[in-house]
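Numbered from 1 within each chain, the chains take letters A, B, ... in sequence-line order.
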Amino acid sequence: MNNFAEKLLIWFDRHGRHDLPWQQERTPYRVWVSEIMLQQTQVATVIPYFNRFMARFPDVRTLAAAAEDDVFSHWSGLGYYARARNLHRAAKIIVEQHDGVVPTTIEQISALPGIGPSTAGAILAQACNQRHPILDGNVKRVLSRYYGFTTWPGEKHTETQLWNRADELTPDKRVADYTQAIMDLGATLCTRRNPRCGDCPVENDCAAAATGQVHVIPATKPKRGLPTKDATFMMVQNSSGQVLLVKRPPTGIWGGLWTLPEVPPNENPAQWSHRVLGVALNESRTLPPFRHTFSHFHLNIKPIYSISTQRGHVMDDGAYSWYNLAETSKLGLPTPVKRLLQQLDNKETS
DNA sequence: GAATCGTGGCA
DNA sequence: TTGCCAAGATT
């Protein structure tokens with residue numbers, strides 16, 4: 001075993017994380033779900049979602065048989081909702097094509113939707129102790145510093161180099177522990193800001209530490225300012241207190257989730273609602289706007305509260321429906337929509 | 001290669 | 001308040 005892996009494993013035995021939920025009862029299914037949730041999402045955020053998800057969907061067949069809205073509702077607030085849709089799709093594929101057993105070859109698991117090169121390696125390393133390299137944000141940061149790479153890890157050539165180094169360093173034995181160890185190092189010591197080099201087991205071999213470049217590696221992504229967009233959301237209630245929600249198309253922002261109807265720019269809400277939704281508004285008033293920041297733009301959300309006399313279903317394609325406030329928790333709702341519905345609920349219960 | 005896709009924590 | 005970005009994959 002190479003020097004790097006040896007030192008890392010010794011450190012991991014004493015200082016690594018050994019009590020994460022998906023490390024207990026370490027099945028391919030549980031590891032798979034955890035790895036999907038952990039894409040671009042920190043451990044502390046994932047843990048409660050993972051526990052709730054596992055309580056509701058304890059195995060592949062349960063997940064495959066569930067309604068999509070049920071899956072989305074357990075993902076609501078976690079973000080990147082295409083992950084939930086792909087997870088659900090993959091579960092169905094596993095039931096239909098793999099007899100309900102999560103495949104454990106790199107080719108078969110990589111073919112499932114939502115599983116890329118790093119996630120595929122992570123699942124098989126963690127759950128099956130198979131020797132595969134991973135290259136997530138932690139590993140990119142650790143290896144960039146260790147080898148003194150000063151170019152941005154997202155660049156193609158740099159990423160290829162990192163994959164090659166990651167593969168070289170991955171040992172034949174204790175692959176699951178090694179994989180967890182290098183991620184733990186990146187998450188707890190070799191952090192983006194304020195790294196604790198004094199506690200690092202490989203500080204003596206680290207190029208960035210030797211040249212004093214730890215704080216400038218990894219290089220930051222070329223940045224650009226975030227554009228700002230406006231959106232008007234309608235909060236329409238009928239005389240029964242039900243609220244009108246819209247199921248969004250599967251692609252784009254909040255794909256497949258339910259949101260409040262969004263009035264197009266330069267449209268009169270009253271006319272638009274009547275023409276498009278078939279809902280006549282009795283009274284309307286604007287509520288305080290607030291800003292929601294996405295990865296690539298700011299969204300200024302302008303809520304309008306309205307009363308409608310209409311009951312029952314709107315339209316007939318299932319894209320628009322009235323919901324009682326109490327049952328909206330069963331739907332997949334993005335965070336700002338939950339916030340607006342909470343305001344309605346407070347108004348009713350107070 | 002570049003754009004897209006969420007949310008919460010942090011300085 | 002604002003910008004940055006974290007256990008990436010898909011198009």
Asks: Protein within reach of the bases, or only the backbone? For nucleotides 6-11 of chain B, mark each nucleotide 5' to 3' as B, S or -, using heavy atoms under 4.0 Å.
Replies: BBS-S-

Asks: Can you tell me, in whole Å, how much space there is between the P of C:dA7 and that of B:dA11?
Replies: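 That atom pair is separated by 16 Å.
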
Asks: Over how many whole Å does the gap from A:Asp136 atom CG to C:dC5 atom P extend?
Replies: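 Checked: the CG to P distance equals 16 Å.
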
Asks: Output the distance between atom CD1 (A:Ile134) and atom CD (A:Gln180), rounded to the nearest 0.5 Å.
Replies: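 Output value for this atom pair is 8.5 Å.
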
Asks: What do you reckon, is NZ of A:Lys7 surrounded by more than 12 foreign heavy atoms closer than 6.0 Å?
Replies: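 Yes.
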
Asks: Just how far, in rounded Å, is C1' of C:dA9 from NZ of A:Lys140?
Replies: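 Atom NZ in A:Lys140 sits about 11 Å away from atom C1' in C:dA9.
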
Asks: Can you tell me, in whole Å, how much space there is between the P of C:dT2 and that of B:dG6?
Replies: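 Their P atoms lie roughly 23 Å apart.
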
Asks: Any base atoms under 4.0 Å from A:Trp22, or only sugar-phosphate, or nothing? Heavy atoms, all strands.
Replies: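 Here A:Trp22 touches the bases of the nucleic acid.
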
Asks: Separation of A:Met183 atom CE from C:dA6 atom C1', in whole Å?
Replies: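 The answer, rounded to whole Å, is 13 Å.
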
Asks: In this structure, how many angstroms lie between the C1' atom of C:dA7 and the CH2 atom of A:Trp32, rounded?
Replies: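 Going from A:Trp32 (CH2) to C:dA7 (C1'), I get 17 Å.
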
Asks: Salt bridge between A:Arg275 and A:Glu267, side-chain N to carboxylate O under 4.0 Å?
Replies: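 The answer is yes: the pair qualifies as a salt bridge.
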
Asks: How many whole angstroms separate atom CD1 of A:Ile47 from atom P of C:dA7?
Replies: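 Distance check: A:Ile47 CD1 to C:dA7 P gives 14 Å.
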
Asks: Classify the nucleic acid contact of A:Gln180 as base, sugar-phosphate or nothing, counting any heavy atom under 4.0 Å across all strands shown.
Replies: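 Base contact.
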
Asks: Is a salt bridge present between A:Lys330 and A:Glu327, judged by a nitrogen-to-oxygen distance below 4.0 Å?
Replies: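 No, this pair does not count.
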
Asks: Taking atom P of C:dG8 as reference, at what distance in whole Å does atom CG of A:Leu112 sit?
Replies: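 Distance check: A:Leu112 CG to C:dG8 P gives 19 Å.
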
Asks: Send over the distance from A:His298 NE2 to C:dT1 C1', rounded to a whole Å.
Replies: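 Distance, rounded to whole Å: 10 Å.
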
Asks: Nearest-Å distance, CZ (A:Arg17) to P (C:dA7)?
Replies: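 Rounded to the whole Å, the gap is 8 Å.
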
Asks: It should be established whether A:Arg141 places a side-chain nitrogen or oxygen under 4.0 Å from OP1 or OP2 of nucleotide C:dC5.
Replies: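 Answer no for this pair, as no side-chain N or O of A:Arg141 is under 4.0 Å from OP1 or OP2.
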
Asks: Under a 4.0 Å threshold between the charged nitrogen and the carboxylate oxygen, would A:Arg30 count as salt-bridged to A:Asp59?
Replies: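 Not counted as a salt bridge, because no side-chain N and carboxylate O are separated by less than 4.0 Å.
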
Asks: Quick one: pull up CD1 in A:Ile115 and CD1 in A:Ile36 and give me the separation to the nearest 0.5 Å.
Replies: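 That separation rounds to 5.0 Å.
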
Asks: Hey, does A:Leu87 reach any base, or is it just sugar-phosphate, or nothing, if we go heavy atoms under 4.0 Å?
Replies: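 No contact at all - A:Leu87 keeps every heavy atom at 4.0 Å or more from the nucleic acid.
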
Asks: Membership question, hydrophobic clusters at under 4.5 Å side-chain separation (ILVMFWY): are A:Phe53 and A:Tyr80 in the same one?
Replies: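 No, it is not one cluster - the side chains of A:Tyr80 and A:Phe53 are not joined through contacts under 4.5 Å.
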
Asks: Heavy atoms from C-beta onward define the side chain here; which of C:dC5, B:dC5, C:dA9 lies closest to that of A:Thr220?
Replies: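 Nearest nucleotide to the side chain: C:dC5.
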
